[in-house]
Undergrad: 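Starting off with a structure, shown below.
Just so it is clear, the values below take in all heavy atoms, side chains as well, and ignore hydrogens, waters and symmetry mates. Since the model is a prediction, treat every value here as computed from it, not as a measurement.
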Amino acid sequence: MVLASCAGGSGVEQSLAPTYACDSAVVNITIADFDPQANAYIEALINSYDDISELAPQPLDSTGRITLRFDMQGDKVLSLLNASADERYGTIRIAPGETTDVTIYPDSIVTTGRFADLNRELSSYTTKYGMNIFAPDFVRYDMNGDEYTSAIIAEYNRLKGALDADTSLSPAQRVIEESNLMNSLLSFATNRAIVGRGSYMAVNPGKYDIPRDSIVTDMSEANYAAIVKAIDPDSEALLGGRCDVATSLGRVDWNEAGAKGTLLGTVTDYQKAARQAYEDKLDPELYSSLKAYSNPFFALAVDNIGDIARTRFEEASRMVSSTPEVSDSDIIEAIAAQFPGKVVLIDRWNTWCGPCKAAIAENEPLKLTTLSDPDIVWVYVADESSPIPAYYKMIPTIKGHHYRLTEAQARALYERYNIDGIPYYFIADRKGNVTPRPDFRDHDLMVTTILEELKK
């Protein structure tokens, strides 16, 4: 199959290499041996070149099938799990411009598409040459920056030598290993504090209350420059395998560390530009740096993101209601008062909250069945910690009235009600009396209580 390139014209057929194309994609998922009583939802945790994609849990049909659609700028990697996140099915890679059929078996995942061979390995493969950031046995938490950098580069070189010499790997396995190892080194460089905590606990078994000043986190520009010299910053391994580049680059400016003009430096700029484009706030200078790169994909992908974001913003912003102009601590009562004579369920949530998304997914079908009464009003209250791109992408799938609080309003709400976490719920009866109900995390209790309120 030949994919249309973001640059216009045609790309070339690829089976393992990264995709430099923008297009939509369709994924048809089937759960073999589906048991609707065990879990009727699926969630896709997404890794992409820009690390922005997000998808709420989606209900499977009665036969264990679902179709997902994506706007794509390059490949995406989907880690598939049930909505309770207690069963991970496996990992697959999908390409723009394709319809990919996915069958999830108890011990494997089989897909169609040009990544079919890669996915046979990716879905269940255990890497042999990885650097485990949570259990590092080749560094210590009290090393200085130079010692730490030398240690992680030495371990990378050791593993890279073994990987290069390993003739038993299939081509797909080699892509996975090379990508994992390169991104592991970058992750060790950008997540020094996490590595340090793991090292401290390994040296001090049973001590989980780690003194903050015991973890050395100093990394200089020279240290990052040494990392760039240790790898090939133009290697497509950066974007291969599981797309670990989505998180491995951290907040380091790899251009300043010597990667300017390379794939590593360009992806660093692309991740910043993509976030800006999703909010329609693209820095012209940053955009110019992408256009200067030899591969036109990244600049054109940002154009594509901006076009999609503007359309989505226009559609989704119309779904967000204006917050009543009252004191910050009275927001919930003021919202409930807008629906007199109704039973109002107010869901305090955010896009980054997994349990929130799982609960919302569980409630959606009830709006057409058990809780389909027009006297029930569903209200969803998020705040500014929900990134605009993810928020505007998700709310069209959530039927109800949406409100977005400022940081001050959210803080006042937490303080007034001593909110212990989210999801958190309120219910307003037909007379407008508002009651906080954190116990509605028990879904069955929520349903029975709403039905009882309707009878009053």
Side-chain angles (χ1 to χ4, degrees), residues 1-27 46-53 69-78 92-100 111 113-119 122 171-172 174-176 178-180 182-183 186 231-249 254-255 259-278 282 286-309:
M1 177 178 181
V2 177
L3 295 180
S5 168
C6 283
S10 298
V12 296
E13 290 190 4
Q14 302 176 46
S15 58
L16 299 173
T19 306
Y20 299 117
C22 302
D23 206 339
S24 59
V26 175
V27 182
I46 303 171
N47 260 351
S48 59
Y49 300 163
D50 56 37
D51 191 30
I52 294 179
S53 302
R69 293 175 173 82
F70 300 92
D71 294 319
M72 303 272 284
Q73 298 83 34
D75 305 321
K76 291 186 188 296
V77 171
L78 310 181
I92 63 168
R93 190 175 182 116
I94 62 173
E98 286 196 338
T99 294
T100 303
T111 78
R114 65 192 191 84
F115 285 133
D117 289 341
L118 178 66
N119 288 336
L122 191 60
R174 188 167 296 280
V175 165
I176 296 168
E178 289 178 347
S179 177
N180 179 65
M182 183 175 183
N183 282 286
L186 295 170
I231 61 176
D232 174 4
D234 265 323
S235 171
E236 288 187 333
L238 184 70
L239 302 178
R242 295 183 173 89
C243 282
D244 296 317
V245 68
T247 55
S248 66
L249 300 192
W254 292 100
N255 289 292
K260 190 172 182 61
T262 67
L263 181 61
L264 173 59
T266 301
V267 174
T268 299
D269 282 345
Y270 172 67
Q271 290 190 349
K272 297 176 188 175
R275 290 183 176 88
Q276 294 174 0
Y278 272 114
L282 181 59
L286 190 60
Y287 180 67
S288 294
S289 73
L290 293 177
K291 288 183 72 70
Y293 186 56
S294 57
N295 186 337
F297 163 76
F298 296 99
L300 290 158
V302 167
D303 290 337
N304 184 252
I305 289 170
D307 291 342
I308 292 169

Undergrad: In terms of the angle between their ring planes, are Tyr20 and Phe298 parallel, tilted or perpendicular, with boundaries placed at 30° and 60°?
TA: perpendicular
Undergrad: Write down the atom of Asn304, the atom of Met72, and the distance for their closest heavy-atom approach.
TA: OD1-O, 4.1 Å
Undergrad: Decide side chain to side chain contact (heavy atoms under 4.5 Å, CB included) for Phe70 and Val27; before the verdict, give the C-alpha distance in whole Å, the side-chain angles of both, and the deciding distance to 0.1 Å.
TA: CA-CA 8 Å; Phe70 300 92; Val27 182; 3.8 Å; yes
Undergrad: Which pair of heavy atoms, one from Tyr49 and one from Cys243, lies closest together, and at what distance?
TA: CE2-SG, 3.8 Å
Undergrad: For a side chain to side chain donor-acceptor pair (under 3.5 Å) with Arg93, tell me which candidate from Asp75, Thr100, Thr19, Asn119 qualifies.
TA: Asp75
Undergrad: Search all heavy atoms of Gly261 against all heavy atoms of Tyr293 and return the closest pair with its distance.
TA: O-CE1, 3.5 Å
Undergrad: For the residue pair Tyr287 and Asp269, confirm or rule out a side-chain donor-acceptor distance under 3.5 Å.
TA: no
Undergrad: Give the intermediate values and the outcome of side chain to side chain contact (heavy atoms under 4.5 Å, CB included) for residues Leu239 and Leu263.
TA: CA-CA 9 Å; Leu239 302 178; Leu263 181 61; 4.3 Å; yes
Undergrad: Grab the two heavy atoms, one from Ala237 and one from Asn183, that are nearest each other, plus how far apart they are.
TA: O-ND2, 3.8 Å
Undergrad: Please confirm whether the backbone N or O of Asp244 pairs with a side-chain atom of Asn47, one donor and one acceptor, at under 3.5 Å?
TA: no
Undergrad: Heavy atoms only: give me the nearest Leu290-Thr266 pair and the separation to one decimal.
TA: CD2-O, 3.6 Å
Undergrad: Rounded to the nearest 0.5 Å, what separates atom OG in Ser179 from atom CG in Leu122?
TA: 9.5 Å
Undergrad: With side chain to side chain contact (heavy atoms under 4.5 Å, CB included) as the criterion, how do Val245 and Gln271 come out once you've worked through the C-alpha distance, each side chain's angles and the decisive distance to 0.1 Å?
TA: CA-CA 10 Å; Val245 68; Gln271 290 190 349; 4.2 Å; yes
Undergrad: First locate atom CH2 of Trp254, then atom CG of Leu249, and finally report the distance between them rounded to the nearest 0.5 Å.
TA: 7.5 Å
Undergrad: Give the C-alpha distance, both sets of side-chain angles, the deciding distance and a yes or no for side chain to side chain contact (heavy atoms under 4.5 Å, CB included) between Met182 and Leu238.
TA: CA-CA 7 Å; Met182 183 175 183; Leu238 184 70; 4.2 Å; yes
Undergrad: What closest approach, in Å, do Pro96 and Ala21 show between heavy atoms, and which atom pair accounts for it?
TA: CG-O, 3.5 Å
